[in-house]
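To start, the structure under review is shown below, and the notes come after it.
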Amino acid sequence: MNILQETKRRLAAALRDAAAAARAAGELSFETLPDFVIETPRDKSHGDFAANLALLLARQARQSPRNVAEILVRHLGKPQPGVARIEVAGPGFINFILDSRWFLPVLPAVLAEDDHYGRSNIGQGIKVQVEFVSANPTGLLHMGNARGAALGDSIANLLTAAGYDVTREFYINDAGNQIENFGLSLEARYLQALGLDAALPADGYHGEDLVETVRRFVDRYGDKYLDADPALRREMLVRFALEEKLAAIRLVLEDFGVIYDVWFSEQSLHDSGAVARAIADLDRAGYIYEKDGALWFKATRFGAEKDEVVVRKNGLPTYFAADIAYHRNKFERGFERVINIWGADHHGHVARLKGALQALGYDPGRLEVVLMQLVRLYQGGEVLRMSKRTGHYVTLNELIDEVGRDAARYFFVMLKSDSHLEFDLDLARSQTADNPVFYVQYAHARICSILRLAKERGMEVPPAREARLELLEEPAEVELIKQIAALPETVVGAAQALEPHRLTRFAHDLAGLFHSFYTTCRVLDDDPELRKARLVLVEATRITLRNVLHLLGVSAPERM
RNA sequence: GCGCCUGUAGCUCAGCUGGACAGAGCAGCGGCCUUCUAAGCCGCGGGCCGCAGGUUCGAAUCCUGCCAGGCGCGCCA
């Protein structure tokens with residue numbers, strides 16, 4: 001049910017017919033009809049829909065836009081269904097003012113579709129993968145990862161709602177230098193735990209959490225690896241720590257409402273030979289050369305700023321090499337579109353990865369990277385720098401404890417991914433009511449409260465067919481219905497643009513319209529007919545609000 | 001130095017891929033609870049859309065050049 005888009009489509013067709021008729025009548029001359037839009041004007045006084053066709057046609061027709069608009073309106077001929085009035089306004093817009101009853105059919109549709117309301121099938125079941133967070137499993141998740149988690153999960157929800165077949169994936173960086181370094185740090189902590197004087201590597205992991213991890217390792221294995229081969233010792237420590245860290249990451253993400261379909265190991269790509277194969281194939285295609293003892297990929301051929309090493313002088317493949325193999329693997333698994341959520345500090349990686357995929361014969365457009373600016377954390381008015389190596393960072397675990405999952409998720413997706421997120425920890429900690437998520441949730445709780453009371457009084461929400469919905473003609477009611485009707489196109493737009501922040505905006509607007517309605521209209525009215533109609537409206541609002549909140553990964557509480 | 005992102009009300013941010021007089025939330029001021037949750041509603045004030053050019057019937061939005069902030073330019077990931 002998408003009454004808005006259907007109406008727009010029909011009006012657009014009518015305008016095209018009108019233009020053709022006007023040309024046939026010799027009143028308007030043009031070669032080809034320009035692509036015009038029918039949009040919902042910002043300003044309510046401009047009607048429900050506005051068309052800019054006359055403005056675009058004016059030049060070709062060599063007439064003033066307003067004249068063109070008048071001619072088009074005249075040729076629209078018989079009254080359009082649902083349209084109460086048509087006006088030519090401003091520079092030459094054609095405004096359509098709809099009969100307020102035109103939107104009423106959306107209410108029974110919402111009740112019927114229930115938790116499916118807002119879904120569509122523009123994705124046509126196309127397989128899409130969303131890879132996000134993919135943090136190093138060497139510590140806990142920080143604020144940047146948290147933003148990625150909220151963003152990635154909401155985008156995945158949006159794509160699912162738009163009819164795509166979505167897979168959520170976490171890429172585990174369990175290979176390479178960082179792991180090597182991780183092992184050395186663990187080893188030092190291990191020796192320290194056994195009372196020896198061992199120093200952490202200068203660029204090692206200084207976080208306190210490793211001390212605890214090693215303590216648990218000692219609980220299990222004691223000093224068994226004190227005199228063991230250091231390589232074996234580190235391998236055992238790393239294996240133990242990775243398992244523990246990954247379990248913790250998985251757990252906190254679940255607390256955050258994020259469940260992955262696939263956890264993909266980087267090491268497995270090395271083990272299976274996929275990395276070596278990718279390099280060999282690039283070489284065969286002529287995009288690899290040797291310099292200074294290392295193997296380089298000719299990324300500059302594909303618009304990157306510089307070429308990139310794939311195999312180091314020491315013979316070990318780079319992270320980039322593994323990433324090439326990984327993304328090829330994604331396509332081999334049948335994903336039509338592959339979406340990565342990355343921190344903006346990785347943006348330099350985009351061009352060369354796309355280049356490598358192109359070199360392997362894939363359309364690089366199938367890889368879409370959503371770059372998010374990093375989260376800046378404020379405390380006591382000062383910026384806190386976050387770094388895993390210094391162990392100085394606020395974890396997602398702490399964030400959930402202090403501000404709660406709902407507020408955190410809402411805040412992270414409230415902004416465009418492009419914009420820097422300023423997270424004032426003191427403000428977030430202070431659980432005050434100026435939190436927008438409370439505003440939206442409160443609207444939902446208020447509705448549930450009304451419905452509870454109605455039930456107690458034996459006044460359940462009637463089947464929509466039995467309600468005289470045409471009684472809903474207060475401005476606050478009409479505005480509320482229009483916003484409810486706008487959910488499907490909002491979801492589609494947000495999914496296409498990969499912009500979940502459009503949903504928080506929609507939710508906030510919807511909540512605001514409900515609050516206004518609440519103060520002007522009494523739902524449990526003495527008039528039984530009006531009461532039934534309003535119960536249907538309120539129920540439809542509840543469903544819409546809840547569905548949006550769920551797309552955001554935020555709960556819809558029944559009481560507050 | 002080069003590349004990417006950002007610059008809109010005192011603060012935090014929207015602005016629907018070029019539309020009609022630039023919007024919201026906080027903060028400030030003034031009203032509204034004997035009736036379904038006042039975590040709410042209604043009203044008021046507040047802006048050279050970083051600056052300067054250009055394209056267009058029309059620019060916060062597109063192009064160019066500056067200015068400011070963030071990030072990147074590793075045989076790290």
Side-chain angles (χ1 to χ4, degrees), chain A residues 37 39-43 45-46 50 52 55-56 58-59 64-65 89-93 95 134-136 173 175-179 181 203 266 291-296 304-306 308-320 322-323 343-351 371-374 376 411 414-422 424 427 432-436 438-439 441-443 445-454 457 476 486 489-490 493-494 496-497 499 501-502 504-506 508-509 511-512 514-525 531 534 538 559-560:
Chain A
V37 293
E39 57 180 4
T40 307
R42 250 192 284 268
D43 190 331
S45 69
H46 295 145
N52 65 345
L55 284 80
L56 299 171
R59 165 164 288 205
S64 79
F93 286 99
N95 293 341
S134 298
N136 283 323
N173 304 137
N177 269 354
Q178 307 230 55
I179 291 301
N181 206 333
D203 54 350
E266 176 186 351
K291 193 182 84 177
D292 303 332
L295 292 183
W296 297 70
E305 284 180 53
K306 51 186 275 302
E308 197 66 21
V309 171
V310 284
V311 179
R312 302 185 185 95
K313 196 194 292 184
N314 65 11
L316 295 175
T318 59
Y319 174 85
F320 177 52
D323 224 14
D345 54 340
H346 287 64
H347 84 261
H349 193 54
V350 177
L371 292 173
M372 49 167 193
Q373 292 298 322
L374 304 184
R376 217 175 317 164
F411 267 91
M414 197 165 51
L415 271 51
K416 269 183 312 200
S417 61
D418 274 351
S419 48
H420 301 268
L421 182 71
E422 301 199 357
D424 187 328
L427 186 75
T432 51
D434 39 294
N435 195 330
F438 288 151
Y439 181 80
Q441 288 181 318
Y442 182 57
R446 257 184 159 179
I447 293 172
C448 291
S449 172
I450 296 171
L451 295 175
R452 260 196 313 274
L453 191 66
R457 297 183 186 173
E489 86 178 357
T490 302
Q496 282 174 336
E499 290 183 349
H501 76 271
R502 297 189 191 192
T504 56
R505 187 181 168 68
F506 177 92
H508 196 270
D509 289 348
F514 170 75
H515 286 311
S516 293
F517 158 81
Y518 181 88
T519 44
T520 49
C521 300
R522 201 177 158 73
V523 177
L524 303 180
D525 195 88
R531 185 173 65 223
R534 285 183 174 163
V538 157
R559 295 173 200 270
M560 286 176 77

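Chain A is the first sequence line, chain B the second, and so forth, proteins listed ahead of strands; every chain is numbered from 1.
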By nearest atom, which of the nucleotides B/rG40, B/rC73, B/rG19 is closest to the A/R446 side chain? B/rG40
Parallel, tilted or perpendicular, judged at 30° and 60°: which one describes the rings of A/F320 and A/H349? perpendicular
What's the closest nucleotide to the A/W296 side chain, out of B/rA38, B/rA77, B/rC75? B/rC75
Is it the case that the base of B/rA77 and the side chain of A/D345 share a donor-acceptor contact (distance under 3.5 Å, atom types as modelled)? no
Does A/E499 have any salt bridge (charged side-chain N to carboxylate O under 4.0 Å, His left out) partners at least two apart in sequence or in another chain, and if so, which? A/R502
Distances for protein N or O near nucleotides 3-9 of chain B N or O, under 3.5 Å:
residue, atom, partner, partner atom, Å
B/rG3, N2, A/H347, NE2, 3.0
B/rC5, O2', A/Q373, NE2, 3.1
B/rC5, O2', A/D418, O, 3.0
B/rU6, OP1, A/D418, OD2, 3.2

At under 4.0 Å between heavy atoms, what does A/D292 touch on the DNA or RNA strands: base, sugar-phosphate, or nothing? base
Select one nucleotide: of B/rA20, B/rU37, B/rC76, the one nearest the side-chain heavy atoms of A/Q178. B/rC76
Looking only at the side chain of A/S516 (C-beta and beyond, no hydrogens), which of the listed nucleotides B/rU35, B/rC41, B/rC75 gets closest? B/rC41
Main-chain N/O of A/V309 paired to A/T318 side chain as donor or acceptor, under 3.5 Å: yes
Side chain of A/R502: nearest nucleotide among B/rU37, B/rC16, B/rC75? B/rC16
Please state the C1' separation for the pair B/rG43 and B/rC16 - nearest whole angstrom. 28 Å
Check every atom of B/rA20, B/rA14, B/rG40 against the side chain of A/Y442 and return the nucleotide holding the closest atom. B/rG40
For nucleotides B/rU17 and B/rG65, find the distance between their P atoms and express it as a whole number of Å. 27 Å
Among B/rA38, B/rC76, B/rA20, the one nearest any side-chain atom of A/R312 is B/rC76
How close do A/S64 and A/A58 get, heavy atom to heavy atom, and via which atoms? C-CB, 4.3 Å
Quote, to the nearest angstrom, the P distance that separates B/rG18 from B/rG30. 44 Å
Heavy atoms only, 4.0 Å cut-off, all strands: where does A/N52 land among base, sugar-phosphate and nothing? base
Taking the minimum atom-to-atom distance to the side chain of A/I450, which one of B/rU37, B/rG19, B/rA77 wins? B/rU37
Contact nearer the 5' end of RNA chain B, comparing A/H349 with A/S45: A/S45
Going by 5.5 Å between centroids and 30° between planes, is there a stack of A/H46 over B/rA20? yes
For RNA chain B, just give me the dot-bracket, please: Watson-Crick or G-U, both distances below 3.5 Å, ( ) intra-strand, [ ] crossing earlier pairs, | paired with another strand, . unpaired. (((((((..((((.....[...)))).(((((.......))))).....(((((..]....))))))))))))....
Between B/rA52 and B/rC71, how far apart are the two P atoms, rounded to whole Å? 28 Å
Whole-angstrom distance between B/rA38 and B/rG23, as gauged at atom C1': 25 Å
Nearest listed nucleotide, side chain of A/L415, among B/rA14, B/rG40, B/rA77: B/rA14
Please give the distance between the C1' atoms of B/rU35 and B/rG28 as a whole number of Å. 32 Å
Hey, does A/H501 reach any base, or is it just sugar-phosphate, or nothing, if we go heavy atoms under 4.0 Å? sugar-phosphate
A/H515, nearest nucleotide to its side chain (from B/rA20, B/rC36, B/rC41): B/rC41
Please state the P separation for the pair B/rG15 and B/rC75 - nearest whole angstrom. 38 Å
Does B/rG25 have A/Y439 stacked on its base, where the ring centres are within less than 5.5 Å and the planes differ by under 30°? no
